[in-house]
Amino acid sequence: MKRNPCKGLKPLEGAEIGKVVMRFAPNPNGPATLGSARGMIVNSEYVKMYKGKFILRFDDTDPDIKRPMLEAYEWYLDDFRWLGVVPDQVIYTSDHFPLYYDYARKLIEMGKAYVCFCKGEYFKELKNDKKACPHREVGLEENLRHWEKMLAGEYEDHQAVLRIKTDIEHKDPALRDWGAFRIRKMAHPRSVIGNKYFVWPLLDFAGAIEDHELGMTHIIRGKDLMDSEKRQSYIYKYFGWKYPRTTHWGRIKIYEFGKFSTSSLRKAIETGEYSGWDDPRLPTIRAFRRRGIKAEALKKFMIDMGVGTTDVSLSMESLYAENRKIVDAITNRYFFVWDPMELEITDSEPTVAKLPLHPTDHARGIREISVRNKVFVCREDVEKLKVGSVLRLKDFCNIEITSLVPLQARHSAVSLEAHQKSKGKIIHWVPINGISVKVRGPYGDIEGTGEHGIATELDKIVQFERFGFCRIDAIDKEKVEVYFAHK
RNA sequence: GCUCCGAUAGUGUAGCUCGGCCAAUCAUUCAGGACUCUCACUCCUGAGACUGGGGUUCAAAUCCCCAUCGGAGCACCA
């Protein structure tokens, strides 16, 4: 028994250096989510591992139910850039209708496909009874004629469908004579396609042709597509092609986000429930980016998860832990006071507090905060205090509470060292003329006051001490909006 | 109803192909401690699992069967 806990992804079966071709094939009907990220990362990592070819293919041949969003094409490219992945090739399946039609015609001529006019429900019944429909055995010429009429737009929506002949008595009902093309008289969102076509290829057909044409050697995809291999294998067999090696993974359920689907999110965004696809409450890559999750953390998260067909239900905590390690070393520290309470230091002289931007990386320098005699502190920090309590305003001074209402204190004679030794409380603070800060996070918004230095960190990730890591998203004159990543 | 997958600590994984080196790996999580002018980071210690039942075998997490549980497919979606 060998025990070699090899890190990262397991070797790909039958993979040779330089010869691997893999793809990630999303329908751009919305932006990439956490689930998409798995496909983007795992596939591209394998290609990198074997110095192969990585293809991004937009499977965008449904103008109706999962209608592509024009913006989403660009979003995917953008998210790949962020991940540091450059696809060797970008393909739009909607560009290849003529190719699909060609192969469809060949299959009809081979007697391996037929135009079926059955109503969906009726065909289903027949199929479940292992019975062929009357259209299965019509002559070649007639079939071709029907097909030509389909292409010419002479039939209405849903009136006919092209089926691949498999084995109508196959023990697995999922494999019996599956649909390859359907009629939909609708414009494709891409203007180059528009109203050009009436007959649309379905996933298993388009995918089968594409994977072959592109020379795919390995496919890793969700287990919901496990039957695709079996279905598509009929086409591969008819044409004498070799099917790529396939691997599948199960569903990812994120504890924090529950169940979601691109279409349900889309609806919720349209109704204004979310501010957009990068709303911090959403599990999209765009939202993670905006919150300050690093691509490296997401990659490590996905790679560590590996490829297994079991459904996984995990917590964002693991991703946050990865991100925290990366981000801790490279972020400046600032004070942000939520639920602020005014505290007056009665014997205070105006002064300038000097604080390190980073607790250990002193090369990052210091930040300066001018203070008069009033500061804000978090309500929760002062709630249990009594008159006489001593606490430290971090990196500033020790104070002794002299009054609770109004909240007042004076400098304390207790030294920093003595305070630390007695495990006294050390809290953060902010001058009352600080900048107002709104934190948008996965659990809603939090407002408060921050030090002015925050306004110099636009688009950077910072740590609000004792609060968490945030990305500074927007800076107005006197207001900063930040996105919360995690504690 | 038919068909296909899968099941290792709270969570995610390694090990299963080729049975022994597995009193079971790593990470996260949780608990305790060290460090620290943050509830961050780092470090130390500890907690915690082979779904159940049969079988094969000198030997089973690993092979076989059954059960249970979970997931997926049977679309004119991807």
Side-chain angles (χ1 to χ4, degrees), chain A residues 1-7 10 13 25-29 59-62 64-68 93 116 118-121 123-124 127-128 130 157-163 170-176 178-184 199-200 202-204 206-207 221-228 230-231 248 250-253 255 261-263 300-301 303-306 308-315 317-322 324-329 331 333 335 355-356 358-361 392-398 416-417 419-420 424 426-428 463-469 486-487:
Chain A
M1 182 78 66
K2 60 251 153 203
R3 265 204 285 168
N4 42 337
C6 47
K7 280 279 164 206
K10 282 187 257 184
E13 212 176 304
N27 175 0
N29 63 334
D59 276 351
D60 57 347
T61 52
D62 175 17
D64 185 17
I65 300 167
K66 290 186 177 168
R67 186 179 174 81
T93 53
C116 173
C118 295
K119 289 264 181 250
E121 271 307 308
F123 183 83
K124 190 175 175 180
K127 184 203 64 187
N128 286 341
K130 302 187 178 178
D157 281 7
H158 309 308
Q159 197 183 335
V161 48
L162 187 80
R163 292 190 184 285
H170 197 286
K171 64 172 183 172
D172 184 350
L175 305 189
R176 299 172 197 157
W178 48 273
F181 288 87
R182 44 109 181 225
I183 300 170
R184 203 75 182 83
V199 177
W200 305 78
L202 293 161
L203 172 78
D204 281 322
R221 61 186 163 200
K223 71 174 183 184
D224 48 318
L225 266 26
M226 264 181 160
D227 285 343
S228 279
K230 294 177 197 155
R231 275 194 282 259
H248 301 93
R251 278 181 73 98
I252 300 183
K253 261 178 264 162
Y255 173 74
S261 69
T262 304
S263 37
K300 188 156 189 305
F301 179 71
I303 290 168
D304 283 354
M305 192 158 63
T309 50
T310 4
D311 289 349
V312 296
S313 73
L314 31 85
S315 157
E317 275 311 317
S318 309
L319 175 59
Y320 294 159
E322 295 298 346
R324 189 151 42 223
K325 285 174 197 162
I326 294 171
V327 129
D328 185 82
T331 50
R333 268 53 174 177
F335 287 160
L355 309 84
H358 192 277
T360 51
D361 183 5
R392 176 158 183 87
L393 300 181
K394 185 168 185 285
D395 294 309
F396 183 34
C397 63
N398 290 346
L416 168 61
E417 290 71 22
H419 188 67
Q420 284 177 292
I426 298 172
I427 67 171
H428 67 292
Q463 188 203 38
F464 289 163
E465 291 192 44
R466 307 211 303 144
F467 181 74
F469 293 93
H486 48 78
K487 258 192 111 49

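Note that this is a predicted model, so its numbers are computed, not measured. Every chain is numbered from 1 and lettered A, B, ... according to where its sequence line falls, protein lines coming before strand lines.
- Under the 3.5 Å distance criterion, the side-chain polar atoms of R176(A) are matched with a main-chain donor or acceptor of K127(A).
- Closest contact between the side chain of T309(A) and the listed nucleotides C76(B), G6(B), U3(B) involves G6(B).
- Each of U29(B), A40(B), C77(B) was ranked by its minimum atom distance to the side chain of I65(A); first place goes to C77(B).
- Distance, M226(A) CE to G71(B) C1': 10 Å, rounded to whole Å.
- Listed pair K325(A) / U28(B) meets the phosphate criterion, a side-chain N or O lying under 4.0 Å from OP1 or OP2.
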Set out, line by line, the N/O atom pairs under 3.5 Å between protein and nucleotides 9-12 of chain B.
| from | atom 1 | to | atom 2 | distance (Å) |
| --- | --- | --- | --- | --- |
| U11(B) | O3' | S313(A) | O | 2.8 |
| U11(B) | O2' | S313(A) | O | 3.3 |
| G12(B) | OP1 | S313(A) | N | 3.2 |
| G12(B) | OP1 | S313(A) | O | 3.4 |

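- For U29(B), one of the phosphate oxygens OP1 or OP2 lies less than 4.0 angstrom from a side-chain nitrogen or oxygen of R324(A).
- Counted by atom type alone, R392(A) and H419(A) present zero donor-acceptor pairs between their side chains at under 3.5 Å.
- Side-chain proximity of I426(A) to A78(B), A7(B), U38(B): nearest is U38(B).
- With C4(B), A27(B), C39(B) as the candidates, the nucleotide lying closest to the side chain of R466(A) is C39(B).
- For the OP1/OP2 pair of A14(B) and a distance below 4.0 Å, the side-chain nitrogens and oxygens of K10(A) include at least one atom meeting the criterion.
- Under the side-chain hydrogen bond (donor to acceptor under 3.5 Å, both in side chains) criterion, D224(A) pairs with no residue at all, not counting sequence neighbours.
- In this model, the phosphate group of C74(B) is not approached by any side-chain N or O of K230(A) to a distance below 4.0 Å at OP1 or OP2.
- For R163(A), a side-chain nitrogen or oxygen approaches OP1 or OP2 of C76(B) to under 4.0 Å.
- A gap of 24 Å separates the C1' atoms of A23(B) and C18(B), to the nearest Å.
- Set against C76(B), A40(B), C74(B), the side chain of A174(A) has C74(B) as its closest nucleotide.
- Under 4.0 Å is where a charged nitrogen must lie from a carboxylate oxygen, and between D62(A) and R182(A) at least one such pair does.
- Note: CH2 (W200(A)) to P (A78(B)) measures 11 Å, nearest angstrom.
- Salt-bridge annotation for D311(A) and K223(A): present, with a side-chain N of the basic residue lying under 4.0 Å from a carboxylate O of the acidic one.
- Consecutive pairing runs in RNA chain B reach the stem threshold at B:1-7 with B:68-74, B:10-12 with B:26-28, B:29-34 with B:42-47, B:51-55 with B:63-67, where a stem means at least three Watson-Crick or G-U wobble pairs with distances under 3.5 Å.
- Nearest-nucleotide assignment on RNA chain B puts the 5′-proximal partner with R176(A), out of R176(A) and T310(A).
- Taking 3.5 Å as the limit, the base of U38(B) and the side chain of Q463(A) contain a donor-acceptor pair of atoms between them.
- The nucleotide whose nearest atom lies closest to any side-chain atom of D395(A) is, among C37(B), A75(B), A78(B), C37(B).
- Which of A14(B), C76(B), U38(B) sits closest to the side chain of P359(A) comes down to U38(B).
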